[in-house]
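Lettering of chains follows the sequences in order, A, B, ..., and the numbering in each one begins at 1. A quick note: this is a predicted structure, and the numbers were derived from the prediction, not measured.
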Amino acid sequence: MSNQITVSLPDGKTLSMEDGSTVLAVAERIGPGLAKATLAGRVDGKLVDLRTPLRTDCGIEIVTARDPEGGNVIRHSAEHVMADAVKRLFPDAQIDAGRADHSEKFQYDFLVDRPFTPEDLERIEKEMQSIIAEKAPFERRVVDREEARALFRGLDEELKLSRLDDIPDGEEITVFQHGDFVDLCRGPHVQRSDQIGAATLLEVSGTYFRGDERGPKLQRIYGTAFSSKKELKAYLARIEEARKRDHRRVGVALGLFQLDPAISPGSPFYLPKGVALYNGLVEFIRELYPKYGFEEILTPQLFRSELFKRSGHHDKFYDDMYWFAGADEDEELGMKAMNCPGHCHLFEIGKRSYRELPIRWAEFSRLHRNERSGTLTGLTRVRSFAQDDAHIYCEPDQVPGEVDAFFRMVREVYDKLGLEGVEMAVSTRSAEFLGEPEDWDVAEKVLIEAVERAGFVCRIKEGEAAFYAPKVEADFRDVLGRAWTLGTVQIDMAMPGRFGLRYVGRDGELHQPAMLHRAVLGSLERFIAIYIEHTGGDFPFWLAPVQVIVLPISEKQSEYARAVQGRLRDQRLRVGIDERSETLNWKIREAERQKIPLSLVVGEQEASNGTVSPRLRRSKDKIPVMAMDALTAMLVAASTERKMGPLE
RNA sequence: GCUGGCGUAGCUCAACUGGUAGAGCAUCGGAUUUGUAAUCCGAAGGUUAAGGGUUCGAGUCCCCUCGCCAGCUCCA
C-alpha cells in the first residue's frame, strides 16, 4: 500500500509522494502559502478536485485564484453555497442541479411552490454571506449508488434521485458536503467556503427540469463569485459597460435604425445613417470581390417549393421558412431563406465546363426566416437579414485553394475593420448528416489543414456541423471578452448531389463539382450589432455614417461653412453641418455624442483665409489649422483607402 | 412557443400603503452671435402598450391581448 508515486511540477522539479496522496498534499509539500491558496489541481492537464487521490505518476499544476480555472472552481462552490442558503431559508425547496458556465456566472435550479422575489434574493444572498463567514470546509466522498440513493431519499430530494439515475453504471459517484448541505457533484471545490471572496446574485428566471417543457417548472437563480471583491467589482463594471454599449440603445441614439416589434418583429427599420453603415459594409465587400474572383448575381425572392424539396430545406427547414399559396392551384411558394438553392439551380441551367470553374457567385439579397418569437433579439437574431453570401463551384482538387483564399479575405476584411484576435473553430459532423462518412472525413481534414496553413488558432467543435456540411467559423472576441461567430466557410456534402450538378471535365466526361458556402461578415444585421457593441459606435472614418461635421462659430460663417461642406460632399464624403444658434462648446459636445470622427470648426479667421480648424473625436489635442485643399486631399485618401482615422 | 421579470412623453427615468401623471434631454418659439464637451427664457408634448374588470376613485389591484428583457439538450 505504501508505494510511492512521482509527481512532476511545472518548473520541472519532481516530488516523491505516497500513493493516494492528494493534490492538496502536494501543495502542502511545496509550501504552506501555496497550500492555503489551493483551489484545485490540474493533473496531466485535466482539472481535478484537490482531494482526489493520486494513483499514478503524473504532472501536476496547482490551481489558485490566479489561474482562470480558479474562478470557475470558486463559482462552482458558490453555487453549492447558494443552494445551501436556499435550503436553509426554504426547507421545502427541492434542489435540482447547478452549473458554473463559461460566462463567469453560476446558476442553480430549484423546485419551489412560488417564484422567488427580489426580496428573496436579498435574503438568500445574505444567508450566503454568513455561510461563507462560517469557513465551512468542503468534503468529498465517494459513495456507491445505494448509499447515494438512501442519502437523497432521506433528504426528500426527488429531482436529485432522478439525476442520480442518469449516471451510467460503472461511473464513480461522488458527493460534496459543507456544513449540513450535501450535493451530488464531481467537483472540483474549494477547501473552505471563505475562499469564495465575493459573491452576489444577479437574476432569477424560470426553467424546466431537464429543459423539457412538459416537465416540472423550476426556478433558476443566477449569481457570480470571485476570489476578491475587486474582481467582482470589475465584473460588474464590465456588465455595466456592455449594457451601455448595447446596440439596441446605441443604434437608436445614433439614429441608425429603429425597431418596432409590434409592427414587424425581428426586422430593423434602417434610417439614412444606418443605411450608410450597411451600404458601407456591402460596398467594402463588393469592392474586394473582383480581386478574389467573385461575381455578383441576383436570384428571385420567391421560389416554388419544388426548389426547396430538391435542396432538402422543405424537409429539414420547413418550420423556419415562410410559405405562401401561389396563384395557381396547389402552387406553394417559399420565401428565400438562404441563397444556395437558387444558386445551384442557376448552375444547373447551363452546360458547365471545367474551363469556367471555379464559379464564384455572390449575392447580398435579403433573406427571411421564421425564427421563433422568443429567440428574437435586436439585430443579433432577426427574421429579415442579408449576408455577404457566396457559393463556389469548383473541381474537387481546387477546394483547398478556395479555402485558403477565404482565409486571406477574412484577414483582409477584419484588419480593415480593426477586429483582432480572431480564432477559427472547425465543426465536425453530427449524428444527422447527409452524404458519405469518407467524404466528410476528407472535407474535415481539408478545413483543419487550411486553418493551420493560414496561421489561425484552430479549435474543434465535435458534432456541431450543419447536416449538409462541415464548417469553419471565424470566432471573434470583442473588447468585453464576448465571443461571436462572424465569417464561415462550409464544404457542402449534399447539395451538388441532390441537384445532380455536373460539369464537363478535361476528359470530356461529366463530373460532380465541389461546392463551398462562405460569408466573411456573415449576417450584416448581426455584424452591425456586434460591431456597434465592439466599437461603442466609434466607427472607422471610412465607415462612419457622418464622417465630418462643419461647425460654424456664429451665423456669420454660415456661408463659408456651407461652402466647406459642399466641397467635401463633392468628393463623396458624408458631411454634416451644425448651423444652430448654439455655443461652439455645445456643438462639439453634440458632435462627440454623435461619434463623428472629425469636426471642422470655422470662425472668422478660417473664413477669411480658406482654412478650417480640425478636431478629432475623443481627442483634446490641438491640431493646427489646415488649408481646405490639403485637408480635402487627406480626407479623400483616408476614406478611399479605408483608414481608421481621418488624418492618418 | 414555454418559464420568470417587465411595459409611464421621441429618449432616460420619477409618482408613499389605490387619491390632481412629473423631471432632464430631444422638439418648437424667442433672446443670445458664441473659439474646442452643457447660454437663458418660454411653449408644446400622455387614452400610463391595447382591451376588459374591481373600486367613490386605478399608472398602482385582477383578467386578457400585444410587445420587451433574461433564460430554456449539454450532466450530478
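The distance between atom CD of A:Glu590 and atom P of B:rU36, rounded to the nearest whole Å, is 18 Å. If you take CG of A:Asp260 and C1' of B:rA49, they are 11 Å apart, rounded to a whole angstrom.
A gap of 39 Å separates the P atoms of B:rG22 and B:rG35, to the nearest Å. Look at the C1' atom in both B:rA15 and B:rG59: the space between them is 9 Å, to the nearest Å. Taking atom P in both B:rU47 and B:rU65, one finds a spacing of 24 Å when rounded to whole Å. A distance of about 12 Å separates the P atoms of B:rG10 and B:rA50, rounded to the whole Å.
The partner of B:rU39 is B:rA31, judged by Watson-Crick or G-U wobble contacts that both fall below 3.5 Å. Across all strands shown, nothing is found opposite B:rA21 as a Watson-Crick or G-U wobble partner with both distances under 3.5 Å.
The aromatic rings of A:His80 and A:Phe138 are tilted relative to each other, their planes meeting at an angle between 30° and 60°.
Nucleic acid contact for A:Leu376: sugar-phosphate only, since backbone atoms but no base atoms lie under 4.0 Å from a heavy atom of the residue.
Residues A:Tyr108 and A:Phe110 bring their aromatic ring centres within 6.0 Å.
Residue pairs meeting the salt bridge (charged side-chain N to carboxylate O under 4.0 Å, His left out) criterion with at least one member in residues 605-617 of chain A, sequence neighbours excluded: A:Asp538-A:Arg617, A:Glu592-A:Arg615.
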I'd like a list of close polar pairs between nucleotides 44-46 of chain B and the protein, N/O only, cut-off under 3.5 Å.
none

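Take A:Phe317 and apply the ring-ring contact (aromatic ring centres under 6.0 Å, His included) test, not counting sequence neighbours, and it matches A:His313.
Taking the side chain of A:Gln219 as heavy atoms from C-beta on, and the options B:rG4, B:rG35, B:rU33, the nearest nucleotide is B:rG4.
Comparing A:Ser554 and A:Asp246 by the nucleotide of RNA chain B that holds the closest heavy atom to each, the one mapping nearer the 5' end is A:Ser554.
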